[in-house]
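In this chain, residues are counted from 1 in sequence order.
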Amino acid sequence: MTIHFTLAKHPLLRDFRPTDRLAIFSLAYMDVKGWPKLAVNIFKLALLIPPFLWLANIDVWWQALPVVLAIPLYPLLTRPVQLWAVSELLPAAIKTHQQQMASN
């Protein structure tokens, strides 16, 4: 199993423009159901809960700096998990997107 960190690196999405990649990804992500969706949501919660607990227990403002500095890491960590969840649905989403583009 190959891990892709961006939509541009995914082999099925390489040939599309960035806006088309996002549209295809959103079409596929809407169709994710069951265990993959649950796994993605649990992973997101596992990333979000510790910083909020940290923020709830700070005494001075500078103790919040690690949480603020970690904010850019959230999409970097969640995107590969989301791409894993939609990997089986991407071909159908690409076909749907191409049909939508042909009808417009």
Side-chain angles (χ1 to χ4, degrees):
M1 180 176 96
T2 305
I3 297 173
H4 304 286
F5 288 95
T6 63
L7 293 172
K9 300 291 184 187
H10 198 284
L12 294 175
L13 300 174
R14 275 190 199 138
D15 298 332
F16 292 97
R17 295 179 309 176
T19 55
D20 291 335
R21 283 187 212 126
L22 286 173
I24 292 168
F25 176 76
S26 65
L27 282 171
Y29 196 69
M30 286 189 310
D31 291 336
V32 175
K33 293 178 179 39
W35 288 106
K37 185 79 156 198
L38 181 66
V40 169
N41 289 336
I42 288 174
F43 182 72
K44 287 179 177 181
L45 281 174
L47 290 177
L48 289 173
I49 289 172
F52 278 102
L53 291 176
W54 175 291
L55 286 174
N57 293 319
I58 63 170
D59 295 328
V60 290
W61 69 269
W62 58 266
Q63 289 179 336
L65 286 178
V67 174
V68 172
L69 296 175
I71 288 172
L73 292 177
Y74 181 75
L76 292 174
L77 295 173
T78 58
R79 183 59 63 155
V81 178
Q82 289 174 327
L83 283 171
W84 163 80
V86 301
S87 61
E88 294 177 0
L89 302 170
L90 278 177
I94 290 170
K95 187 180 284 187
T96 303
H97 178 70
Q98 289 172 338
Q99 288 172 351
Q100 288 176 351
M101 294 302 289
S103 67
N104 289 338

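When all heavy atoms of Pro75 and Pro80 are compared, the pair lying nearest together is O-CD, 4.5 Å. Leu27 approaches Gln100 most closely through the heavy-atom pair CD1-OE1, 4.1 Å. Leu83 approaches Phe5 most closely through the heavy-atom pair CD1-C, 4.5 Å. When all heavy atoms are compared, the tightest approach of Arg14 to Lys9 is NH2-O, 3.5 Å. Nearest heavy-atom pair, Phe25 versus Leu7, reported as atom, atom and distance to 0.1 Å: CD1-CD2, 3.7 Å. Counting all heavy atoms, side chain and backbone alike, Met30 lies closest to Lys33 at O-NZ, 3.8 Å.
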Could you check Leu13 against His4 for side chain to side chain contact (heavy atoms under 4.5 Å, CB included), going step by step and ending with a plain yes or no?
-> CA-CA 11 Å; Leu13 300 174; His4 304 286; over 6 Å; no
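If you take CG on Leu53 and CG on Leu48, they are separated by 11.0 Å, rounding to the nearest 0.5 Å. Atoms OG1 and CG, from Thr78 and Leu73 in turn, are 10.5 Å apart once rounded to the nearest 0.5 Å. In this structure, the separation between CD1 on Ile24 and CG on Leu89 is 13.0 Å, given to the nearest 0.5 Å. Note: Gln99 CD to Ile94 CD1 = 12.5 Å, rounded to the nearest 0.5 Å. Note that the CG atom of Leu22 and the NE2 atom of His97 stand 10.0 Å from one another [nearest 0.5 Å].
A 4.5 Å side-chain heavy-atom check between Phe16 and Gln98 finds at least one atom pair inside the cut-off. Residues Val32 and Val40 are not in side-chain contact: their nearest non-hydrogen atoms beyond the backbone lie 4.5 Å or more apart. The shortest distance between side-chain heavy atoms of Phe52 and Val67 does not fall below 4.5 Å.
For Trp54 (side chain) and Gln63 (main-chain N/O), a donor-acceptor pair under 3.5 Å exists by modelled atom type. With Arg79 contributing its side chain and Thr6 its backbone, the two residues share no donor-acceptor pair below 3.5 Å.
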